[in-house]
Protein chains: 2
Amino acid sequence: MPAMSHRLDITFHALADPTRRAILSMLLEDDMAVSDVAEPFEMSLAAVSKHLGILSRAGLISQERRGRVKWCQLEPDALRDASIWMQSFGQFEAVNLDAFEKFLATEFPGNDTAGQDG
Amino acid sequence: MPAMSHRLDITFHALADPTRRAILSMLLEDDMAVSDVAEPFEMSLAAVSKHLGILSRAGLISQERRGRVKWCQLEPDALRDASIWMQSFGQFEAVNLDAFEKFLATEFPGNDTAGQDG
DNA sequence: GCCATATTCAACCAAACGGTTGACGAAACC
DNA sequence: GGTTTCGTCAACCGTTTGGTTGAATATGGC
């Protein structure tokens, strides 16, 4: 499925930049306005705005305009496909899903949603 | 930790290209010589060789020269850091296994270890 | 209405990307 | 030892990237 491949292109590309990953980390803590996102970076607001556009097009964040402020929110679901893709490699030797479940169990001890519907 | 950040740059960048991901998928099945890796792609050997260099520098594969043949081997451990990084955003309620199965079916159509009920 | 604030747009730039080609070096074959 | 095979190197090319700047487009406050 080429569409999927293209989405992985975009996702991984979006993640392949330290500024963008830092932005995602910041948004992990709270939603933020564009200028607040930009504040800690030593680059222009326009540059950060571009980064946000890339993250947004990758689906990694969503942006909602309220008044003249545009709020940015993390959309971690977009990481799912990429994460699954990666895990398919790490766990492939034991590709059976049992192993994958065990992996999830050790990696997210508190999480028992494996096997449920999304 | 800037070194880690730089490694993530390199890893994600390496993954952000469909040719390189396809190469990784191929190496999932078996170690391969450079020319065999290149064979299915409609691009020059030199181009594939460059891709392999990028994957190698990212630690995603290793290359061992035996005679005049250079063998390429998947190194899935290198995905671990990137995978863990992504999971730090893992609000997503665990990768659900249905999605994982479907994903494997579309991404590795020839591989019948995915989708088994066992 | 006017000014300040928040954000994007447009044009530009240097550097990196993904590809090509042709030359090259090293190993293998006969 | 000449030739073929395997793979990389070097130079080049067009495109994309990540950044800049300055102008433009809202929106909100007075």
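Chain identifiers are assigned alphabetically (A, B, ...) following the order of the sequence lines, protein sequences preceding nucleic acid strands; residue numbering begins at 1 within each chain.
With sequence neighbours excluded, the residues forming a side-chain contact (heavy atoms from CB on, under 4.5 Å) with Thr19(A) are Asp17(A), Ile23(A), Phe41(A), Met43(A), His51(A), listed by chain and number. Applying the side-chain hydrogen bond (donor to acceptor under 3.5 Å, both in side chains) criterion to Ser56(A), with sequence neighbours excluded, gives no partner residue. Taking Arg20(A) as the reference, nothing meets the salt bridge (Lys or Arg N to Asp or Glu O under 4.0 Å) condition, with sequence neighbours excluded. Among residues two or more places apart in sequence or in another chain, the side-chain contact (heavy atoms from CB on, under 4.5 Å) test is passed with Lys50(B) by none. Evaluation of the side-chain hydrogen bond (donor to acceptor under 3.5 Å, both in side chains) rule for Arg66(A) yields Glu64(A) as partners, not counting sequence neighbours.
Taking only side-chain atoms of Leu45(B), from C-beta outward, the nucleotide of dG18(D), dT20(C), dT8(D) with the closest atom is dT8(D). Of the candidate nucleotides dG19(D), dT8(D), dG19(C), dG19(C) has the atom nearest to the side chain of Met43(B).
Put simply, Ser44(B) has no side-chain N or O that comes within less than 4.0 Å of OP1 or OP2 on dG19(C).
The distance between atom CZ of Phe41(B) and atom P of dG18(C), rounded to the nearest whole Å, is 14 Å. In this entry the distance linking NZ of Lys50(A) with C1' of dT8(C) reads 11 Å, nearest Å. Per the geometry, NE2 belonging to His51(B) stands 16 Å off P belonging to dC9(D), to the nearest Å.
Residues from residues 52-72 of chain A with heavy atoms under 4.0 angstrom of DNA chain D, sorted by number: Ile54(A), Gly67(A), Arg68(A). Heavy-atom distances under 4.0 Å link DNA chain C to His13(B), Asp17(B), Arg20(B) of residues 9-20 of chain B, given in residue order.
Contact of the Leu52(A) side chain with the Gln63(A) side chain is registered, since non-hydrogen atoms from C-beta on lie closer than 4.5 Å.
Judged by distance alone, with hydrogens and angles left aside, the side-chain atoms of Ser49(B) form no donor-acceptor pair with the main-chain N or O of Leu45(B) at under 3.5 Å.
Residue pairs meeting the ring pair (Phe, Tyr, Trp, His ring centres under 6.0 Å) criterion with at least one member in residues 8-28 of chain A, sequence neighbours excluded: Phe12(A)-Trp85(A). Listed by first and then second residue, the salt bridge (charged side-chain N to carboxylate O under 4.0 Å, His left out) pairs that reach into residues 22-49 of chain A come to none, sequence neighbours excluded.
In this structure, Ala46(B) reaches the bases: a heavy-atom distance under 4.0 Å links it to at least one base atom across the strands shown.
Summary of the strand contacts: Ser49(B) and Glu42(A) both lie near DNA chain D, and taking for each the nucleotide with the nearest heavy atom, the more 5' one is attributed to Ser49(B).
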